[in-house]
Number of protein chains: 2
Amino acid sequence: MAEFAALIGISRPTISKYFNDPDSVRSSTRDRIEAALKQYDYRPNIYAINQNRRLTKTIGIVVPYLADPFFAEIARMLERRCITAGYTPSLFSSHGEQSLENAILDNLRALKPAGVLLAPLGRTSDRKHIEAFCRDVPTILFDSNIEGVGAAFVGSDNFSFVSQTVEYISRTGHTPCFFEMKNPANPNANKRRLAYLEIMGRLSLEPYVIQIEGEGWSFEEIGRQGALKILHDKALPTNAVLCSNDRLAIGFLSACHEMGISVGREEKCEIRVASHDDHPYARYTCPSLTTAAHDYESVSEHALSALFQLIEAGGRLATREEKLFTARLVMRDSA
Amino acid sequence: MAEFAALIGISRPTISKYFNDPDSVRSSTRDRIEAALKQYDYRPNIYAINQNRRLTKTIGIVVPYLADPFFAEIARMLERRCITAGYTPSLFSSHGEQSLENAILDNLRALKPAGVLLAPLGRTSDRKHIEAFCRDVPTILFDSNIEGVGAAFVGSDNFSFVSQTVEYISRTGHTPCFFEMKNPANPNANKRRLAYLEIMGRLSLEPYVIQIEGEGWSFEEIGRQGALKILHDKALPTNAVLCSNDRLAIGFLSACHEMGISVGREEKCEIRVASHDDHPYARYTCPSLTTAAHDYESVSEHALSALFQLIEAGGRLATREEKLFTARLVMRDSA
DNA sequence: ATCATTTATTGACGCGCGTTAAAAAAATAT
DNA sequence: ATATTTTTTTAACGCGCGTCAATAAATGAT
């Protein structure tokens, strides 16, 4: 920067000021800098900037498992919005591991971001570590809530997800049984089960919860194995299956196809399968998956605007808001 | 670091030396530092370190589109290997945009990584910009090759992919037609088409190339729309379809299901569909997708070991090696 | 106990930038 | 032309660390 400044005969602090806010220098000076910028390819070092600025233009985004297209997609939207708003996003994936999540937060502290959007691992998160991080860095939680941690939470209203699918299936003549993992990492899974039980109660229907074995993030395989077992044992309590999430459902559909069981809402089909999330691939399963869709757009938009609000407020908010978005039922062919 | 050093009564340069290489200090000193590290939670700032060290412990990973599970999966493997090797990976996605790819490379320069693993956008990459970057930062290209750019290329042997699928399909009694996008961004697509034509020639079979419209990275939708059109027009030249990649095939299968066309290798099925990549979801399509699998493990392992070699050699290699891994045919139910 | 060797300390500078206060220069107002 | 306001420059310090040379201290060998 010193070189560049000397080269065009403008002082370094003025150049620095320009990069902080181009409008803070006189238009004639701005023009000279911008002309020089075209000629020589100087670019300030963002990491050196972050080391010194009180308020940086970097936003950290942390997701629990980026190889899950759901998170990949929401991360993509968040990154795009950050860029549009003039910020530089920095994306991290915990890859399902607590130690990595912790290490990422430690690194983020060093990056000194203006704010962080954090989708925690959930059950396997190190609560104390995240709490300590949130005390130091303005953070909005999304997707998985951790009660009382972070300045706000933005996510989806699990109750509305399940109520729509359950009501749709029962209204159209079937009793949904609930298909899920026994020990889900994501807290949303528990909320969905509770919602299922609650809604079935309201509708005076007998609830059936199928809990399958499995650890980790290979949900499709877990769903497939679980489904194969249930289908093989002919242990399906009803002929309408409501999966906790789309990735399990993708595995379930695969198992059905393998066993020659027809899936769909038509009369001739043996079972119906519905689910939750509207995973990017839910449209392309065979049959296409009936599911309750996240409002990706609203969640990503609101998460970022909440973060900007938090940043403008100096990192503290009076109350910890929890903003939940309602699901939208997407009726496709599977149920 | 100064505070921490004062606190435990060891000089700052010694602490710095310890973090650079714990074995470079006397064992008694090491023990004292490590004991203090447990007590107080000091962690050096990685970005400040990178600013100053000649050779950092950071590795940049850039992929063209992270919401594509193929890249998400390979990125995950690369990150894990970096961590195991004692490096800190930093992951970026170009989101399919040249301007973003360029911006990422500019940022990476500032990060001063020891090396970079770059999967470029391909056709839409800014070759000059990437070349300039590779001159300054030790870089290994992977997935998409750009002739002469980067210290080495690690990828898959497209010819072996296509030869295995074509030979398998023709050996088992059908003539594969090739299904692809008209203007693919990824250079592998072109290589696959050429391989198809070459192999069909060798087998003295009439080649048929179906090129569908579509721009961007929504390959499933592009494949589905293309397939719907072809199937509707009954314009399929043969009853065995070889898709350029699995994501197109996923769309193709979806279209077949929608139109009630049975897919599989069994006699009773109307058409067979095979593809290339072994996408993480290829196992879960209905029917499961016969495909030529990337050797993910070998590619990620070799890409990183090539990078370490490059780093140890001081950033320059005598010759630019191109290492290609052979495909493995995965026979599933779709063909 | 003496000398050679290894390790640690001191003090200083550098990286690439932000930031600030005081002084100087330029633009605008009167 | 003078006074006032705005903008820029100068000079210096700070961030959190790496690195280096000279010096001091600890260790090991004899």
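To find a chain, count down the sequence lines: A is the first, B the second, and so on, and within it residues start at 1. In what follows, every heavy atom counts, from backbone to side chain, and hydrogens, waters and symmetry copies are set aside.
Among the heavy atoms of the strands, none lies under 4.0 Å from A:Y18. Within the 4.0 angstrom heavy-atom criterion, only backbone atoms of the sugar-phosphate kind lie near B:N20; the bases stay farther away. Using a 4.0 Å heavy-atom distance criterion, A:R43 is classed as a sugar-phosphate-only contact.
Between B:S11 and C:dT10 there is no side-chain N or O to OP1 or OP2 distance below 4.0 Å. Phosphate contact (OP1/OP2 of C:dA8, side-chain N/O of B:T14, threshold under 4.0 Å): absent.
Between the CG atom of B:D23 and the P atom of C:dT7 there is a distance of 12 Å, given to the nearest Å. Rounded to whole Å, the distance from NZ on B:K17 to P on C:dT6 is 13 Å. The CG-P distance, from B:D21 to C:dT7, rounds to 12 Å in whole Å. In this structure, CD1 of B:I33 is placed 13 Å from C1' of C:dT9, rounded to the nearest angstrom. Here C:dT19 presents its P atom at 11 Å from CG of A:N50, a figure rounded to the nearest Å. For B:I10 and C:dT9, the CD1 to C1' distance is 11 Å, given to the nearest whole Å. Atom pair A:K112:NZ and C:dC17:P shows a separation of 15 Å (rounding to whole Å applied). Counting to the nearest Å, the C1' atom of C:dA26 and the CZ atom of A:R32 are 12 Å from each other.
Counting only distance, with no hydrogens or angles, the side chain of B:R320 and the backbone of B:V149 share a donor-acceptor pair below 3.5 Å. Listed for the A:Q98 side chain is a donor-acceptor partner under 3.5 Å among the backbone atoms of A:T124.
Taking the charged nitrogens against the carboxylate oxygens, B:E79 and B:R76 have no contact shorter than 4.0 Å, which rules out a salt bridge. Under 4.0 Å is where a charged nitrogen must lie from a carboxylate oxygen, and between B:E97 and A:R80 at least one such pair does.
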Where do B:E147 and B:R127 land on the salt bridge (Lys or Arg N to Asp or Glu O under 4.0 Å) test, with the steps shown first? CA-CA 10 Å; B:E147 298 292 338; B:R127 191 192 156 107; over 6 Å; no
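Checked against a 6.0 Å centroid threshold, the rings of A:H294 and A:F70 count as neighbours.
Taking for each of A:Q51 and A:R54 the nucleotide of DNA chain C with the nearest heavy atom, the 5'-most of the two is the partner of A:Q51. Nearer to the 5' terminus of DNA chain C, by closest-nucleotide assignment, is the contact made by B:R12 (compared with the other of B:R12 and A:N45).
Partners of A:R43 by side chain to side chain contact (heavy atoms under 4.5 Å, CB included), not counting sequence neighbours, listed by chain and number: B:D106, B:N107.
Counting 5' to 3', DNA chain D first comes under 4.0 angstrom of a heavy atom of chain B and last does so at the ends given by D:dG16 to D:dT27.
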